[in-house]
Amino acid sequence: MSNTSENPNPSSSSAKITLKTSDNELFEVEEAVAMKFCTVKQYFEDEKDNDVAARGSSTVIPLPNVHSAVLARLISYCKKLPQSNAVADNHEEEETKKKERKQYGTPGDLVDLISAANYLDFKEGLEFFNQALADHIQNKSVEYVRKFFGIKGDFEPHEEEKYREEYAWAFEGVDED
Amino acid sequence: MVHFPSDLHFDIVSRLPIKSLLRFKCVSQLWCNMIDDPSLAYMHLTRSVEEPKMLILDHQTKNPDTSRFTEVAGGFLKADMKLVTKFAKSKACFLESCCNGLLCFAKNYDDRVLVLSSWRPISKGPLCLLAGRPIFACGALHWFVYAHVDRDALKGKYIVSFDVGKEEFGSISPPKYYSSSHLLDLGGNLAMVDRSFDSHIEIWVMKEYKKKEWVQEYKIDVNPRLGILDDFWVEVIGLWEFGEILLRYRASFISYNPKTDVKRYIEILDLHFDIVSRLPVKSLLRFKCVSQLWCNMIDDPSLAYMHLTRSVEEPKMLILDHQTKNPDTSRFTEVAGGFLKADMKLVTKFAKSKACFLESCCNGLLCFAKIYGDRVLVLFNPLRQEVIALPPHRASYTKKSKYGLGFDSSTNTYKVVRVFSRGGSFNMGADVYTLGTSSWRPISKGPLCLLAGRPIFACGALHWFVHPYVDRDALKGKYIVSFDVGKEEFGWISPPKYYSSSHLLDLGGNLAMVDRSFDSHIEIWVMKEYKKKEWVKEYKIDIYPPLGISDSSLVEVIGLWEFGEILLRNRESFISYNLKTGVKRYIEILGHDVEVLYHMGSLLSISKFQTKQGCETTLAFSYTSKQSSVFLHQSGQAGLHKGLAPLPGQI
């Protein structure tokens, strides 16, 4: 998955692509970075006849569903990609990865990053941020999850009580909100 | 029969909603032509027959072609983008504009595809660069000017309009400076959402378009009432049923009734499924209480199978307590130090017998047989505290059958194989039960010979040692019998050594064999690459002196668990041995009659597979299909949509 960084191709690594966000900010990014976003990559596949390098930064690709603040973070994540995607094969590495995911931002930021990564069809990013959000809510209370996702509890009190009794062990050791 | 002049038909038909009209195209050719007539469509538009709906545009659909357009509960319509992307020959299509039920897309990045037939230039273009998607209202299109246009030069004329009838550009002053605003169509009027406040948003509406006067119509408290922390991310989608306003905040949708001040959350689950599949079972069982939709999602077998492939669960040790005196409320508990403890009470109660024998376990499910009368088989998911009975198999032979529970990852099904002797050590038969079906199926070939002990499930197959009574010379080294759960075929594997004092186990997902033929140590052989069937001697554990065990043949290796330790059992004592550091720790497990098993928890709700007379397995399947329409779509966009009768030849 990190072909582009392992085998840097001098001609393509210098090529820049300009992305335009929903708030009309322009981002000039390296082609290798932009190609991680399949939605952007699709443009080049649609345009096979045209030479990408020749068009280069003269092409502005609009990303109407992505805010500049979010795109900036996605790009910085992209640049870190190679080292952060080593396969964790033991407990310690998994812990390090967990810490890394934790540092990535507030849960609210993660929601924006996930929405943007989903729109951009940025698979590694979606994987990473989804996992980060999963890590975050893993030990949270039911009330926290409702608030976080904007969900209204729609169980009758007795129905909810039934689940709480049935799976009492799952309600132990829950973090403070 | 009622006879109407056909022009009366026209009038009546124009009052029907599109859903009815599309159905009535089948009435006759005349009706079909009438319904496809553009003049009907225009008349239909003036009548405002359609209720405002919300349209979900699904960009990443996996639906079959037959469900390209569906009505979703709660006022939503859902359309695939497939038709558009296919037509445009590009997956990257961008919604440029929408008006009265038609959507206009441009192929991303090459907007020439949009070119219809011939464009006419008009004499005057707009004032300046435009931003975003235009809003059509009151016969004109409206854009905000581009953010980087010099503000002073505009003198307040921040909205550019285009009168579609006169084909002229004009400008409108918004009620306020627009930097954090967005425009929308609110019930046919042009409206602007002001998001510059912390605790609320304001919606300004231009009630009388000719006068160009803005009225502050709505003020919606978003914080704390709607639980929105940053109103900058709020988008107002539109006015729809019951006079409610649909708001989008990040990934959640809220429908707000300004009259009654009631809000309701609308779940358009898209990314939740993926995030949820990464949570451990413990969290998910807690989150069943979040809402009914979450509860259904968590109970859906497809989530359980996805969950399994993600390897979310940490390996744990499960203590099965056969003689518990615990009250019913603590049938399942987490014990300090990576242990789970489950009562057998639920199983024994269900089987109506205290003598239940653990036949096999696989991926978090346990399979028990009643010791006296082994046609009664029960499946147990200890984490979910669910027990179901499997349908009884046909005949029972005099000798006790052996059962193996396995998982076929190619079809996501659990299967139970029953092995029985037809008389003699080499005349074996077998049948298979697939979870979710109603009966056992015989399979053509049974195993090589009589089997011993509890099978080990690893790498998609079940494994047994052959029975010690079987003539060893006749086997020629084929001492391990395997059963491929997917192919439903028996095979055999040669162990690295003769097996008399060995036992098999699942060591971190691999098949392993413990050699206990030495006095001072045990050896663990692991089959790292299952296809190659090559054994590697992976571990050598000194049991005397470091572990102080005098007889290695009684040592049982239970499995690999947290911190890379191996749990060993020596009679009634348990020792966790760290392979890297060589550190051992003794673990005390209370209880007289306990079994300790390596356990990877399963999310699967097996009660969904309970076979009932009459409704049988359809229960599980209808359940899945019912759910899929609610949340199995990804990457949805919601927008206000008013329908319009189809225009013939519009493409």
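FYI, side chains are in, hydrogens and waters are out, and symmetry mates aren't considered; it's all heavy atoms of this structure. Every chain is numbered from 1, with letters handed out A, B, ... down the list of sequences. Predicted model only: the values in this text are computed from it and were never measured.
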* Contact leader toward chain A among B:Lys288, B:Arg310, B:Arg278, where contacts are heavy-atom pairs under 4.5 Å -> B:Arg278
Between [options], which has the largest tally of heavy atom pairs under 4.5 Å with chain B?
options: A:Glu166, A:Glu172, A:Glu127, A:Glu25; value: A:Glu127
options: A:Ala134, A:Cys38, A:Ala132; value: A:Ala134
options: A:Ile137, A:Asn139, A:Val174, A:Asp23; value: A:Ile137

* Report the relative orientation of the aromatic rings in A:Phe128 and A:Tyr77; use parallel for angles under 30°, tilted for 30 to 60°, perpendicular for over 60°. =>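 Tilted: the ring planes of A:Phe128 and A:Tyr77 meet at 30° to 60°.
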Contact class of [X] relative to chain B, heavy atoms under 4.5 angstrom:
X: A:Ser141; answer: backbone
X: A:Glu143; answer: neither
X: A:Tyr167; answer: side chain

* Under 3.5 Å, is there a donor-acceptor pair linking the side chains of A:Asp135 and A:Gln131? -> yes
* A:Phe155 and B:Trp294: aromatic ring centres closer than 6.0 Å? -> no
* Which portion of B:Leu383 sits near chain A, non-hydrogen atoms under 4.5 angstrom -> both
* Any salt bridge between A:Arg146 and A:Asp154, counting N to O under 4.0 Å? ->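 Result for this pair is no, no salt bridge flagged.
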* Are the side chain of B:His599 and the backbone N or O of B:Phe339 linked by a donor-acceptor pair below 3.5 Å? -> no
* Reported CG-to-CD distance for the pair B:Leu285 and B:Gln385, which is rounded to 0.5 angstrom -> 10.0 Å
